[in-house]
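Note that these values count all heavy atoms, side chains included, but never hydrogens, waters or copies made by symmetry.
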Amino acid sequence: MKDSTPTSSKNAARAIGIDLGTTNSVVACVIDGRPQVISGDEESALLPSIVYYAPDGRSLVGEQAGRFAEHNPERILSSVKRFVGLSADEAAAQPLTGLALTAVATDDQARIAHFDLGDRSVTPVEASAEILRALAERARAAVGTVGLTVVTVPAYFDDAQRQATRDAARLAGLPQVRLLNEPTAAALAYGLATRKSGLYAVYDWGGGTFDFSVLRLAAGVFQVKCTSGDTALGGDDIDRVLCAELLGALGFDEAKVDARSVRKLLQTARSLKHDLSREPAVRAQMLRADDTEVTLEVTREELDQLVLPLLLRTKRIVRRALRDASIELKDLDGVILVGGATRMPCVISFVTELFQRAPLCDVDPDRVVAEGAALQADLLQNRGKDLLLLDVLPLSLGIETMGGGFERLLARNTPVPTSAHTVFTTAADNQTGYELHVLQGEREMAKNCRSLAKFVLSGIPPMKAGKARLHVAFCIDENGLLTVTAKEATTGTAQVVEVVPSYGLEKAQIDKMLLEARALRDNDIEARKLAEFQVHGASLVNSVSEALISDADLLTEAERVEIVGSVERLRRGLKSEKRSLLLELLLEDLHALTASFNERKVNRSIMQAVTGKDLRERV
């Protein structure tokens with residue numbers, strides 16, 4: 001069936017939902033109360049999550065990028081979602097990727113995985129931003145201005161991976177971004193489409209990740225009861241086990257095979273996997289390690305045996321989640337399948353046996369997540385009050401304690417948004433500072449959990465051990481992102497930290513990339529904004545300078561010094577060739593500092609105008 005592209009008025013900003021997938025990505029919006037996927041120029045709703053970086057600096061996404069896969073595979077990036085938020089060591093541990101991975105040898109980026117393209121290196125965040133940008137452009141072509149955007153993430157993404165996804169959205173130029181767990185989005189779309197109520201499980205096996213969630217659907221309330229998963233278990237892993245089998249059959253040494261050969265075999269494995277969902281056996285012409293040609297046959301039964309260990313891993317995840325929520329199989333009203341891997345016959349059979357019932361297959365597993373994201377985006381932007389969405393934390397959050405232990409402040413499957421607090425004390429006499437190490441995970445020792453941030457609360461007066469009281473509070477917002485507050489009770493010394501995980505890009509890096517991306521795409525808009533700010537800035541400098549002379553008596557000396565300093569900074573900014581963002585910040589600063597001054601000037605003018613007049617007199 002041909003995909004439909006929605007049409008609408010292009011005057012108002014339209015909320016959109018994006019399923020940023022490992023293999024394919026989809027964008028959707030709500031038209032006339034119903035979610036609709038947006039097709040591209042080639043009439044396909046699915047945008048392959050592939051990016052091609054040309055030697056001349058251009059980048060192509062989707063089908064266009066795929067056309068270079070055979071002749072320029074070393075410049076093609078695929079499955080980048082699996083590397084988002086990972087360190088270089090974690091990324092390198094991924095088996096048979098066919099990608100050249102490296103770590104930039106600088107202090108601020110050494111922890112971040114990079115893809116090595118020879119003449120340049122690209123982070124997973126930058127590659128993800130290219131995909132998001134292409135989807136946003138697809139949406140703009142169909143519905144005009146894009147407003148709030150909901151981007152889905154695997155439910156089991158940790159804080160680093162969520163932050164990296166938000167960074168990618170910022171880099172793509174999306175104005176307002178909210179995150180939504182993929183199984184929750186699928187249940188939202190299913191529940192609103194079918195108007196069903198009850199307790200439903202979502203078995204979500206996509207290209208790169210596996211998620212399992214249980215939600216209660218009832219009269220417009222969508223409550224997540226539990227969630228669990230594995231961010232390194234997906235359709236890509238099926239491709240890899242089949243690729244490893246092919247490498248052995250063709251006489252290759254897996255430890256020595258070059259990346260180009262791995263890429264080609266991974267593409268062959270994916271094609272065979274798709275064909276075996278329709279046929280009991282398929283054949284393919286391939287080259288052996290000695291360059292002789294051979295015809296290999298792969299049967300569905302052989303593939304099922306290779307997939308079985310992966311299916312058993314999903315079974316353990318399902319059982320753990322159900323046990324956490326004290327839910328039995330008989331309590332479930334249905335099981336919803338989501339993700340491309342669930343199209344495989346062996347997966348459908350396995351799920352049927354595991355849950356002792358046939359799964360619900362009346363939703364499109366490739367589109368339902370984007371449709372749910374679009375519904376949530378539309379409700380958020382238009383302040384819909386007929387639906388309540390209650391999600392949960394995928395992993396526990398806490399801090400490192402003396403001796404290297406991990407103390408949980410918020411347990412996994414806690415509903416969000418939420419907050420928690422606890423009190424700690426000093427372990428030694430005359431201790432004048434605390435180092436707080438924020439962690440995420442389920443292990444008992446800090447070294448086995450994911451490090452999110454470290455910061456120091458200093459300035460505490462010397463006291464006997466155990467006398468000081470440190471209040472620590474964790475606050476999780478609707479995106480599942482964390483803010484930590486630490487306060488010493490005796491002195492009131494406090495610090496608030498918005499946790500940016502160690503494996504994400506630094507804020508300065510993101511800001512730099514964002515400015516560069518905007519410069520390449522919006523040179524004309526930038527030039528216009530710069531001109532407007534220069535005119536406004538010059539006018540403001542003159543008017544404030546005059547007021548500093550004519551109404552100087554309305555200011556305290558401290559206020560005058562602050563305003564003069566701000567005027568000088570703006571004056572220097574106008575003489576430089578900086579971008580409009582700097583002028584905008586300088587203008588905002590001067591406006592804020594002179595707001596009260598302007599009020600006093602207005603009040604003086606009014607008093608002067610009415611002095612000696614009868615205010616009851618009609619003009």
For this session: Using modelled atom types only, decide if a donor and an acceptor are shared between the side chain of Gln161 and the backbone of Pro154 within a distance under 3.5 Å.
Result: no

Problem set entry | Straight-line distance of Leu60 CG to Ile76 CD1, nearest 0.5 Å | 8.5 Å

Problem set entry | CA sep, side-chain torsions, deciding dist, call: Arg343, Asp366, salt bridge (charged side-chain N to carboxylate O under 4.0 Å, His left out) | CA-CA 10 Å; Arg343 293 184 182 277; Asp366 292 322; 2.6 Å; yes

Exercise. What's the verdict on salt bridge (charged side-chain N to carboxylate O under 4.0 Å, His left out) for Arg133 and Glu130, showing C-alpha distance, side-chain angles and the deciding distance?
Worked result: CA-CA 5 Å; Arg133 189 177 294 116; Glu130 295 287 353; 3.2 Å; yes

Problem set entry | Reference residue Ser396; test side chain to side chain donor-acceptor pair (under 3.5 Å); the match among Gln440, Glu442, Arg412 | Glu442

For this session: Decide side chain to side chain contact (heavy atoms under 4.5 Å, CB included) for Thr342 and Val338; before the verdict, give the C-alpha distance in whole Å, the side-chain angles of both, and the deciding distance to 0.1 Å.
Result: CA-CA 7 Å; Thr342 62; Val338 180; 5.9 Å; no

For this session: Just grab all the salt bridge (charged side-chain N to carboxylate O under 4.0 Å, His left out) pairs involving residues 181-190, residues at least two apart or on different chains.
Result: Lys81-Glu182

For this session: Check step by step if side-chain hydrogen bond (donor to acceptor under 3.5 Å, both in side chains) holds for Thr97 and Gln94.
Result: CA-CA 7 Å; Thr97 64; Gln94 297 272 341; over 6 Å; no

Exercise. Under 4.5 Å between any side-chain heavy atoms of Glu126 and Val51, yes or no?
Worked result: no

Problem set entry | Straight-line distance of Gln376 CD to Leu379 CG, nearest 0.5 Å | 6.0 Å

Exercise. Tell me, which pairs form a side-chain hydrogen bond (donor to acceptor under 3.5 Å, both in side chains) where one or both residues lie in residues 206-219, sequence neighbours left out?
Worked result: Ser213-Thr227

Problem set entry | Steps toward side-chain hydrogen bond (donor to acceptor under 3.5 Å, both in side chains) verdict (Arg162, Asn181) | CA-CA 10 Å; Arg162 290 171 188 270; Asn181 288 342; 2.9 Å; yes

For this session: Check Ile131, Val80, Val153, Thr152 against Leu20 for a side chain to side chain contact (heavy atoms under 4.5 Å, CB included) and give me the one that passes.
Result: Ile131

For this session: Decide if the gap between the ring center of Phe115 and the ring center of Phe83 is smaller than 6.0 angstrom.
Result: yes

Exercise. Quick one: does Arg138's side chain get under 4.5 Å of Leu47's, heavy atoms only?
Worked result: yes

Exercise. Is it true that a side-chain atom of Ser197 and a backbone atom of Ala218 form a donor plus acceptor pair closer than 3.5 Å?
Worked result: no

Problem set entry | All side-chain contact (heavy atoms from CB on, under 4.5 Å) counterparts of Ala473, not counting sequence neighbours | His421, Thr485

Problem set entry | Beyond-backbone contact of Val146 with Arg14, side-chain heavy atoms, under 4.5 angstrom | no

For this session: Verify the ring-centre separation between Tyr156 and Phe212: is it less than 6.0 angstrom?
Result: no

For this session: Could you tell me whether a side-chain N or O of Thr314 sits under 3.5 Å from a main-chain N or O of Leu311, the two making a donor and an acceptor?
Result: yes

Exercise. Going by the salt bridge (charged side-chain N to carboxylate O under 4.0 Å, His left out) test, which pairs reach into residues 16-38, not counting sequence neighbours?
Worked result: none

For this session: Go through Trp205 and Ile238 one step at a time and tell me if the side chain to side chain contact (heavy atoms under 4.5 Å, CB included) criterion holds.
Result: CA-CA 11 Å; Trp205 203 8; Ile238 299 174; 4.0 Å; yes

Exercise. Stepwise, does the side chain to side chain contact (heavy atoms under 4.5 Å, CB included) test hold for Asp236 with Thr22?
Worked result: CA-CA 8 Å; Asp236 280 2; Thr22 306; 3.5 Å; yes

Exercise. Side chains of Leu215 and Val202: closer than 4.5 Å at any heavy-atom pair?
Worked result: yes

Problem set entry | Option among Leu409, Val484, Ile476, Thr418 that satisfies the side chain to side chain contact (heavy atoms under 4.5 Å, CB included) test with Leu397 | Ile476

Problem set entry | Test side-chain hydrogen bond (donor to acceptor under 3.5 Å, both in side chains) applied to Arg316 - qualifying residues, sequence neighbours left out | none

For this session: May I ask you to decide whether Asp324 forms a salt bridge with Arg319, counting only side-chain N to carboxylate O separations under 4.0 Å?
Result: no

Exercise. Is a side-chain N or O of Ser271 found less than 3.5 angstrom from the main chain of Gln267, in a donor-acceptor match?
Worked result: no

Exercise. Backbone N or O of Arg82 within a donor-acceptor pair of the Ser79 side chain at under 3.5 Å?
Worked result: no

For this session: Take Gln163 and Asp159, measure what side-chain hydrogen bond (donor to acceptor under 3.5 Å, both in side chains) needs, and give me the verdict at the end.
Result: CA-CA 6 Å; Gln163 183 63 48; Asp159 205 63; over 6 Å; no

Problem set entry | Backbone N/O of Leu276 and side chain of Glu279: donor-acceptor pair under 3.5 Å | no

Exercise. Heavy atoms, side chains only, cut-off 4.5 Å: are Tyr200 and Val214 in contact?
Worked result: no

Exercise. Are Ser49 and Thr23 close enough, and set up right, to give a side chain to side chain contact (heavy atoms under 4.5 Å, CB included), and what steps lead you there?
Worked result: CA-CA 5 Å; Ser49 300; Thr23 307; 5.9 Å; no

Exercise. Between Gln36 and Val30, is there a donor-acceptor pair closer than 3.5 Å when you use the side chain of the first and the backbone of the second?
Worked result: no

Exercise. Looking at Arg67, Gln64, Arg75, which hits side chain to side chain contact (heavy atoms under 4.5 Å, CB included) with Tyr52?
Worked result: Arg75

Exercise. Would a distance-only check, ignoring hydrogens and angles, find a side-chain to backbone donor-acceptor pair under 3.5 Å from Arg166 to Leu179?
Worked result: no

Name the atoms and distances for all side-chain donor-acceptor pairs under 3.5 Å in residues 327-337, with sequence neighbours left out.
residue	atom	partner	partner atom	Å
Asp331	OD2	Glu328	N	2.9
Asp333	OD2	Leu199	N	2.7

For this session: Indicate the atoms forming the closest heavy-atom contact of Asn24 with Pro48, along with that distance.
Result: OD1-CA, 3.4 Å

Exercise. Quick one: does Thr414's side chain have a donor or acceptor within less than 3.5 Å of a partner on Leu410's backbone?
Worked result: no

Exercise. Is any side-chain N of the basic residue among Glu90 and Arg450 closer than 4.0 Å to the acidic one's carboxylate O?
Worked result: yes

Problem set entry | Rounded distance [0.5 Å steps], CD1 in Ile38 versus CZ in Arg140 | 11.0 Å

Exercise. Distance-only, no hydrogens or angles: does the Asp158 side chain make a donor-acceptor pair with backbone N or O of Ala160 under 3.5 Å?
Worked result: yes

